[in-house]
Every structure is written in structure tokens, then in C-alpha cells.
Amino acid sequence: MPELPEVETMRRDLQKAVGRKVITAVEVLDPKAVAGGPDSLTTGLAGRHVRSYDRRGKVLILRLDDGRTLLLHPRMTGRFQLLRPHDELPRHARVVFHLSGGQRLVFEDPRRFGRVELRPAGEEEAGTLLCRIGPDATRCDADRLREALRRRRTPIKALLLDQTILAGIGNIYASEICYRCGLDPRTPSHALRLPEVRQLAAATEAVLSEGIALRGTTISDYRTVGGRSGGFQKRLAVYGREGEICLRAGCPGRIQRVVLAGRSTYFCSHCQRKGRRRK
DNA sequence: GATAATGTTCGATC
DNA sequence: AGATCGAACATTAT
């Protein structure tokens, strides 16, 4: 269930494993997986290769050698797997890209929320997957962030999940980011002043880059293209730790769970205060 | 069987 | 008009 660090890991893995291999054919096993209809993918992809592997937020951006762009959003359970010639298709295979050399790149997705979309040259931003998202969260500008927060009453953690403000933060990293900068996730956004927003921006960049360095977080489903688990689950300070003791040395607090914007949210009420950061 | 799951979008309501 | 909330989407695992 990928967020920014997991999609970035996918991007790096694909760049390395697929590189400029030629796509010889595409099979769409689940038409629902393709925004714009299955024919949009099967027409004219044969003979093409990926010229560059890019990403914005949780969206993979594969630029093809003919100028078109293949966009992919894994949503909750989408992932790529590289199969060797005699490997069987995974149970939830949705789209299969046949590559020169006999390998197959499979997009699999049990819950079927993920989407692939092929955009014409110069029109990728207008597609359904990119048109609603803001700048990538790895480059988190504090002044811009503050402007986005100042007239909103929503809890700060809910705003971190708003992809139009910053693209890429999901439910795990949102709780971890709030913990990192000592901010109560329920704090109304407009209560943050510039110093706190700066702390928040710094915490966002720090947590995401650690997530990337450890190749993402595996709690149950997420696997890298090579089928391996990520490593950031070992570093989670609050997510999924309801009732456990806070990891900060000497802190007597226990991790609490509340629901914000319909999603589980974890925090230490001792370390995390409203509108105030931890020293 | 009920519940929750790392995501987004839509419609209803304020 | 804009903000906000809950339901919906679909499937699996506990």
C-alpha cells in the first residue's frame, strides 16, 4: 500500500530492472485497471521503450520514446513484479507488459483501486492521475505550506493527507511526521505559526527521505519489485503502536489512537502538543 | 462474521 | 463558494 517512499522505491527498481528494454506487447487482464479504456494501452505500445522514470507524489511517470507518458497510481494494493519466462502470473495480475528478452512486467492489484493511464505527448498533466495533485512532498516549501494552512480549520494531519497541498504523504507517514516535529495531529491547521510550519516542513522531508533510504514500509502487502519487504517498519515511532510506550527516552506516555478524516491516527499525547513543538 | 487495511473521489451538508 | 464529512469503490487478512 504505497505512499511516496514506496513509489519512489518502485521507480528506482523499475529504472534498474527494466531500463530501456523494449515493450513487445501489452495484455490488459482487468479493463478496470486502465483509465481511458483497455484499448488505449494495447494500441501502439509494441516497440516502444521507457526513456525516463519519474514520479510525483504517489504517481509513477514513465516517459516513452515516442513522447507519450504512461502514468500509474498503485492506490492501496498495486505493485509491480518482474517475472522470468517460466514464472506463473500472480493471482491478481491486472496488466502484463511483455519485454524484449522474454521477461514480463506485471502490475498486480488485489483490491483493484490502482490505475494505469497512457497520455498523449504533452498532455500528461491533464490526465485523471496528475491533474489534482500539488508539488511533491520531498520538496516541502514552508512559506507555501503556511499559506495553504492558514485559513483551514481541519486537523493538521488531515491536511498532510490532502494531495492537492503536498503530493505523496499517506496515512503512515502523516502520523510519523507529526510525531517527529512534536505536533498534535488534531491541531487545527490555522493554529500553526511560521516556526511550527518550518518544523513541519523539515520533519516531512526528513521522514520521507528516511523512508526512501530504507526502501519503504512493509506492514502487510507492500513489496519491492524484487519481492522484498521494505525496512522503515522497524523505525515507526507511533503508527500501529496503540497502547505501547513512547519510544522517546524517558517519556512515560503511551501511544494513543484516534480517527481523523476517517483514518487511524497515532500519537503520543505527552510528546505532541497543539501548536507547539517539542524541543 | 465483523472489522480494518499504507488511497482517492463523490455527493450531501454545513 | 468553499470546507468538511461519510460513504463508496473491492478484496483480503485477522
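Chain A is the first sequence line, chain B the second, and so forth, proteins listed ahead of strands; every chain is numbered from 1. As a basis for the values below, the full set of heavy atoms in this structure was taken, side chains included, without hydrogen atoms, waters or symmetry mates. Every value quoted in this text rests on a predicted model; they were computed, and no experiment measured them.
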Result block: side-chain N/O donor-acceptor pairs under 3.5 angstrom for residues 229-237 of chain A, not counting sequence neighbours:
{"residue": "A:Gln233", "atom": "OE1", "partner": "A:Thr218", "partner atom": "N", "Å": "2.9"}
{"residue": "A:Gln233", "atom": "NE2", "partner": "A:Gly230", "partner atom": "O", "Å": "2.8"}

Lys/Arg N to Asp/Glu carboxylate O, [X] vs [Y], below 4.0 Å:
X: A:Arg144; Y: A:Glu147; answer: no
X: A:Arg56; Y: A:Glu125; answer: yes
X: A:Arg273; Y: A:Asp184; answer: no
X: A:Arg104; Y: A:Asp87; answer: no
X: A:Arg198; Y: A:Glu196; answer: no
X: A:Asp109; Y: A:Arg79; answer: no

With a 3.5 Å cut-off and no angle check, do the side chains of [X] and [Y] form a donor-acceptor pair?
X: A:Ser264; Y: A:Arg257; result: yes
X: A:Ser100; Y: A:Lys21; result: no
X: A:Tyr266; Y: A:Glu244; result: no
X: A:Thr138; Y: A:Asp136; result: yes
X: A:Thr204; Y: A:Tyr173; result: no

Work out which heavy atom in A:Ser269 is nearest to a heavy atom in A:Gln256; give both atom names and the distance.
OG-NE2, 2.8 Å
Send over the distance from [X] [atom1] to [N] [atom2], rounded to a whole Å.
X: A:Ile172; N: B:dA5; atom1: CD1; atom2: P; result: 10 Å
X: A:Glu242; N: B:dT3; atom1: CD; atom2: C1'; result: 14 Å
X: A:Lys157; N: C:dT4; atom1: NZ; atom2: C1'; result: 15 Å
X: A:Asp162; N: C:dC5; atom1: CG; atom2: C1'; result: 14 Å
X: A:Arg151; N: C:dA1; atom1: CZ; atom2: P; result: 19 Å
X: A:Arg150; N: C:dA3; atom1: CZ; atom2: C1'; result: 18 Å
X: A:Leu159; N: C:dA3; atom1: CG; atom2: C1'; result: 10 Å

Side chains of A:Asp54 and A:Arg63 in contact at under 4.5 Å (non-hydrogen atoms)
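When only atoms from C-beta onward are counted, A:Arg63 and A:Asp54 do touch, with a gap below 4.5 Å.
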Please enumerate all protein N or O atoms sitting under 3.5 Å from an N or O of nucleotides 11-14 of chain C, with distances to 0.1 Å.
{"residue": "C:dT11", "atom": "OP1", "partner": "A:Arg112", "partner atom": "NH1", "Å": "2.7"}
{"residue": "C:dT12", "atom": "OP1", "partner": "A:Arg91", "partner atom": "NH2", "Å": "3.0"}
{"residue": "C:dT12", "atom": "OP1", "partner": "A:His92", "partner atom": "NE2", "Å": "3.1"}

May I ask you to say what A:Ser220 touches in the nucleic acid, namely base, sugar-phosphate or nothing, with a heavy-atom cut-off under 4.0 Å?
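Answer is base: heavy atoms of A:Ser220 come under 4.0 Å of a base.
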With sugar-phosphate meaning primed atoms plus P, OP1 and OP2, does A:Thr154 contact a base, only sugar-phosphate, or nothing at under 4.0 Å between heavy atoms?
sugar-phosphate
Where along residues 7-18 of chain A does a heavy atom come under 4.0 Å from DNA chain B, residue by residue in number order?
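Within this stretch, nothing sits under 4.0 Å of the strand.
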So, with a heavy-atom separation below 4.0 Å from DNA chain B, the residues of residues 140-148 of chain A are none
Can you spot which of A:Gln199, A:Glu210, A:Gln272 makes a side-chain hydrogen bond (donor to acceptor under 3.5 Å, both in side chains) with A:Arg180?
A:Glu210
Structure string for DNA chain C in dot-bracket form, Watson-Crick and G-U at under 3.5 Å, | interchain
.||||||||.||||
Does A:Met10 share a hydrophobic cluster with A:Val106, counting links as ILVMFWY side-chain heavy atoms below 4.5 Å and allowing steps through other members?
no
Please give the distance between the P atoms of B:dT8 and C:dA13 as a whole number of Å.
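To the nearest whole Å, 22 Å.
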Among the nucleotides B:dA5, C:dA10, C:dT4, which one has an atom lying closest to any side-chain atom of A:Phe113?
C:dA10
Per-nucleotide protein contact string for nucleotides 8-14 of chain B (B base, S sugar-phosphate only, - none; heavy atom under 4.0 Å):
BS-----
